[in-house]
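Below is one structure; the comments refer to it alone.
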Amino acid sequence: MEHLKALFENEGITEFAVIDFQKLSIINQRLIKTEEKIQSAIVMLIPYRHNGVELVDNYNVGLFARCMDYHLYASTLFERIIPQLKEI
């Protein structure tokens, strides 16, 4: 569990949980795209920050709309952490 904690803290993720997959209900089976046996699920709160965004214009656009789209952020996050999770 310490490996997970260090991995997630490195990404700025402070809240996560590991759940035994057998205890979960699968709502949409077609979203599980693997033949491998799934043993657990990881649930995490992904930080969605707008730190460092400088307003250099006078447009009335919220800060949340000025940072990276969260779909892109999550995609790059998963590209970084999934290989490391497979090693644990």
Side-chain angles (χ1 to χ4, degrees):
M1 197 65 124
E2 289 301 315
H3 292 297
L4 285 177
K5 185 176 179 181
L7 172 66
F8 290 134
E9 282 181 352
N10 188 47
E11 293 291 343
I13 297 169
T14 58
E15 305 299 325
F16 71 94
V18 178
I19 304 168
D20 181 355
F21 195 75
Q22 301 302 322
K23 295 180 181 178
L24 299 176
S25 298
I26 301 172
I27 296 171
N28 192 343
Q29 182 68 40
R30 67 185 175 88
L31 294 177
I32 299 175
K33 300 177 181 181
T34 182
E35 299 299 321
E36 297 177 29
K37 182 180 179 199
I38 300 172
Q39 297 176 357
S40 57
I42 299 173
V43 180
M44 65 187 115
L45 299 177
I46 299 175
Y48 188 62
R49 298 186 180 100
H50 52 74
N51 297 347
V53 175
E54 294 183 31
L55 299 178
V56 293
D57 55 44
N58 292 321
Y59 298 122
N60 188 18
V61 178
L63 287 177
F64 73 93
R66 294 176 178 255
C67 56
M68 180 188 287
D69 180 278
Y70 71 92
H71 296 96
L72 297 174
Y73 175 79
S75 177
T76 59
L77 172 68
F78 298 151
E79 286 175 6
R80 288 191 306 272
I81 67 173
I82 287 176
Q84 296 176 64
L85 289 170
K86 288 181 177 181
E87 292 179 5
I88 296 176

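The analysis underlying the following values was restricted to heavy atoms, covering all of them including side chains, and did not include hydrogens, waters or symmetry mates.
- Linking Ile, Leu, Val, Met, Phe, Trp and Tyr whenever their side-chain heavy atoms come within less than 4.5 Å puts Val18 and Leu7 in one cluster.
- To the nearest 0.5 Å, atoms CZ (Phe21) and NZ (Lys37) are separated by 11.0 Å.
- Side-chain atoms of Met44 and Ile81, non-hydrogen and from C-beta on, do get closer than 4.5 Å to each other.
- Atom CG of Leu77 and atom CD of Glu11 lie 5.0 Å apart (nearest 0.5 Å).
- One hydrophobic cluster, built from ILVMFWY side chains closer than 4.5 Å, cannot hold both Ile46 and Val43; they sit in different ones.
- Here the shortest heavy-atom pairing between Arg30 and Asn28 reads CG-OD1, 2.9 Å.
- No continuous path of hydrophobic side-chain contacts links Ile42 to Leu45 [ILVMFWY only; heavy atoms under 4.5 Å].
- Separation of atoms OG (Ser40) and NZ (Lys23) is listed at 11.5 Å; rounding is to 0.5 Å.
- The shortest side-chain heavy-atom distance between Met1 and Phe16 falls under the 4.5 Å cut-off.
- Both Ile13 and Leu85 belong to a single network of hydrophobic side chains, linked directly or stepwise wherever heavy atoms of I, L, V, M, F, W or Y lie under 4.5 Å apart.
- At a threshold of 4.5 Å between non-hydrogen side-chain atoms, the residues Leu31 and Ile26 do not count as touching.
- Interatomic distance, CD of Gln84 versus CG of Leu4, reported as 10.5 Å (0.5 Å rounding).
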